[in-house]
Amino acid sequence: MGLRISNTLSGRKDEFIPSGETVSMYVCGMTPKFHPHVGHARLFVAVDVMRRIFEYRGYRVRHVQNFTDIDDKTIARAQAEGITPEEVARKYTESYFESMASLNVLPAHEYPTVTGVMSRIVDYVQGLVDKGFAYVVEGDVWFEVGKFPDYGQLSKRTEESGMVGVRKDLEPGKRDPRDFALWKSAKPGEPSWPSPWGEGRPGWHIECSTMVRETLGDQIDVHAGGQDLIFPHHENEIAQSEAYTGCRPFARYWPHVGLVMTDNEKMAHSLMNFTTIHDVLGKYDPAAVRLYLLQVHYRAPMAFSEDGLVSATRSIRTLKLAYGGSDEPTEGECPEAAALLVRFDELVEDDFNTPGALGVLFDTAHEVNRGAANVPETAALRAALRTMVGVLGLPLDVEAPSNSSSAAPFIDLLVETRSALRVERQWAMSDRLRDRLAELGVILEDSPRGTAWRFSEDRT
RNA sequence: GGCGACGUAGCCAAGUGGUUAAGGCGGAGGUCUGCAAAACCUCUAUCCAGGGGUUCGAAUCCCCUCGUCGCCUCCA
């Protein structure tokens, strides 16, 4: 059975049938107006896993992800920080890349920006005007929803049912409450770009339609984003694109990633209730963070919790132990390893079921840790585990930062001293050292090869 | 009000028609260890928000109720 993907457009889980040799995937990226938070991390890790699974299943993928580098919020942030909107965008775009590199998120093949495609956006808006889908009112350009009969196909809203709650006070010149801005005339002091309708800047949705067309073409395979973008953003994107190109569906598969919740509301910059990825990575192993994010199916809402991160930190150890063993040459067949991989493949193909797949990883890790002496099977099992870890993108190769602490030389010294005491069989003294270190958050592990230490994950 | 997502053990979470309901964390016991830690082994949901219904058979399909969240447009 092949890959199946939940598709907001069809309202079902659909079998994935590629349109060509390469899977085209567009992801609504972030507005770089502050450091990315855990909600962003979840979205981009989820999308990263989708891409890795496509590639694992033998597809080539072309992944494009935008930055909305100019909008009301970047302008507001620029004023707050006393820098230009460009500087805001640059600063937080860098922050984005840092966080994503730590989480082992593969870079997209292309990162278009609004400012980078401005002239194409103007052309696109002009095209919609020419085709009769948009009208101009005093420097503003509006998309006329009434001209596009399929409006609401993604969000399942109809004019009668879902639109009743929209604002009643129309902006000047707007013909229908549902109409939305393609181009907004500049207010004094705002950044603006020239257009046939005067100085202004693009509306919120048009940049994505333009960028998709510029980078991937008139129809794409996969369009992903957060669940909060279904309406109006993705709905409007579809309207613009299908009106412009006449090609439908604009995107064939629409997987939407559930939101990260904190205190029973979505984590969002605008709600001031977020935890940045940077902060989380300061306290937790990146592999644990990624594991934590993949432990919930991407479509379900996810409650952010430190307990979950602590739990994931403990879990990751089992995986690391099995993953990091020395390499023995693999010889012969290992039916058990093959069976585990089959289980893994089936789960991963079924709408990117990472929580289910992680169950297989732990089963595999236990098999490896159990049979460390049984060389051929262990090698095959470990190879299978490495394959799975690669598909999920868990950064198990990366050392947790603990041993690079500035306290490390002193802890090493204490451990060394204790080892000497142990040789003398001075148990009372050596145990006291171990207990005192434990109180300070340093855990000692004795083995025939010597004594290793690590920081407790519970330290605050 | 409309549309959508969700409600499975102490916590997190797979499973969406059929033998014993994955896995992780936590907990209990054991092996190992000078004692620990780590690792490994065993145990830890007669039951899937509640109530009806369909079926030989449902956590899984249908209806209703309750609860949580998201979206409802140039955005606080």
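Chain letters run A, B, ... following the sequence lines, proteins first and then strands; every chain starts at 1.
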Colleague: When you measure from the centre of the six-membered ring of A:Phe16, is the NZ or CZ of A:Arg4 under 6.0 Å away and within 45° of the axis?
Modeller: no
Colleague: Measure from the ring center of A:His35 to the ring center of A:His269 and say whether it is less than 6.0 Å.
Modeller: no
Colleague: Closer than 4.0 angstrom, basic N to acidic O: yes or no for A:Asp150 and A:Arg248?
Modeller: yes
Colleague: Can you name the salt bridge (Lys or Arg N to Asp or Glu O under 4.0 Å) partners of A:Lys73, sequence neighbours left out?
Modeller: none
Colleague: Looking for any heavy atom pair under 4.0 Å, which part of the strands does A:Thr318 touch: base, sugar-phosphate only, or nothing?
Modeller: sugar-phosphate
Colleague: Out of A:Val114, A:Ile75, A:Ile121, which residue meets the side chain to side chain contact (heavy atoms under 4.5 Å, CB included) rule with A:Arg201?
Modeller: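 Result: among A:Val114, A:Ile75, A:Ile121, A:Ile75 is the only option passing the side chain to side chain contact (heavy atoms under 4.5 Å, CB included) with A:Arg201.
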Colleague: May I ask you to check whether A:Tyr253 and A:His223 place their ring centers less than 6.0 Å from one another?
Modeller: no
Colleague: To the side chain of A:Arg317, which of B:G34, B:A5, B:A38 is closest?
Modeller: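 Among the listed nucleotides, the one closest to the side chain of A:Arg317 is B:A38.
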Colleague: Is there a donor and acceptor pair, one atom on the side chain of A:Asn353 and one on the base of B:G15, closer than 3.5 Å?
Modeller: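 No such pair is found, so the answer is no.
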Colleague: Quick one: look up who B:G29 pairs with, Watson-Crick or G-U, both distances under 3.5 Å, and put none if it's unpaired.
Modeller: B:C41
Colleague: Which one, B:C72, B:C25, B:A37, comes nearest to the side chain of A:Pro232?
Modeller: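 Out of B:C72, B:C25, B:A37, the nucleotide with an atom closest to A:Pro232's side chain is B:C72.
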Colleague: Tell me which nucleotide among B:C35, B:A38, B:A14 gets nearest to the side chain of A:Arg454.
Modeller: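 Nearest to the side chain of A:Arg454 among the choices is B:A38.
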Colleague: Base, sugar-phosphate or nothing for A:Trp204? Non-hydrogen atoms, less than 4.0 Å.
Modeller: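 The answer is nothing, as A:Trp204 stays clear of every strand by at least 4.0 Å.
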Colleague: Which part of the nucleic acid does A:His233 contact within heavy-atom distance under 4.0 Å: base, sugar-phosphate only, or nothing?
Modeller: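 No contact.
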Colleague: 5'-most contact on RNA chain B: A:Leu271 or A:Arg425, nearest heavy atom basis?
Modeller: A:Arg425
Colleague: Does A:Arg42 qualify as a cation-pi partner of A:Tyr298, given the criterion of NZ or CZ under 6.0 Å from the six-membered ring centre and within 45 degrees of its axis?
Modeller: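 No, A:Arg42 does not sit over the ring of A:Tyr298.
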Colleague: Please list residues of residues 250-268 of chain A whose heavy atoms come under 4.0 Å from any atom in RNA chain B, ordered by number; otherwise none.
Modeller: A:Leu259, A:Met261, A:Asn264, A:Glu265, A:Lys266
Colleague: Check every atom of B:A22, B:A14, B:A5 against the side chain of A:Arg343 and return the nucleotide holding the closest atom.
Modeller: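 In terms of side-chain proximity for A:Arg343, the closest of B:A22, B:A14, B:A5 is B:A22.
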Colleague: Give the nucleotide from the list B:C3, B:A13, B:G34 with an atom nearest to the side chain of A:Asp431.
Modeller: B:G34
Colleague: Can you check whether any acceptor in the base of B:C35 is under 3.5 Å from a donor in the side chain of A:Arg434, or vice versa?
Modeller: yes
Colleague: Pick base, sugar-phosphate or nothing for A:Asn236, based on heavy-atom distances below 4.0 Å to the nucleic acid.
Modeller: base
Colleague: Counting side-chain heavy atoms from CB outward, which of B:C40, B:A14, B:C74 is closest to A:His366?
Modeller: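 The closest nucleotide is B:C40.
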Colleague: Hey, does A:Pro355 reach any base, or is it just sugar-phosphate, or nothing, if we go heavy atoms under 4.0 Å?
Modeller: base
Colleague: Does the side-chain ring of A:Phe362 sit on the six-membered ring of the B:G24 base, less than 5.5 Å centre to centre and under 30° in tilt?
Modeller: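 By the stated criterion, A:Phe362 and B:G24 do not stack.
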Colleague: Starting at the 5' end of RNA chain B and moving along, which residue's nearest nucleotide shows up first, A:Arg418 or A:Tyr298?
Modeller: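 The residue closer to the strand's 5' end, by nearest nucleotide, is A:Tyr298.
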Colleague: When the distance from NZ of A:Lys33 to C1' of B:A76 is rounded to whole Å, what number comes out?
Modeller: 12 Å
Colleague: Measure distances between side-chain N and O atoms of A:Arg314 and base N and O atoms of B:G26, and say whether any donor-acceptor pair falls under 3.5 Å.
Modeller: no
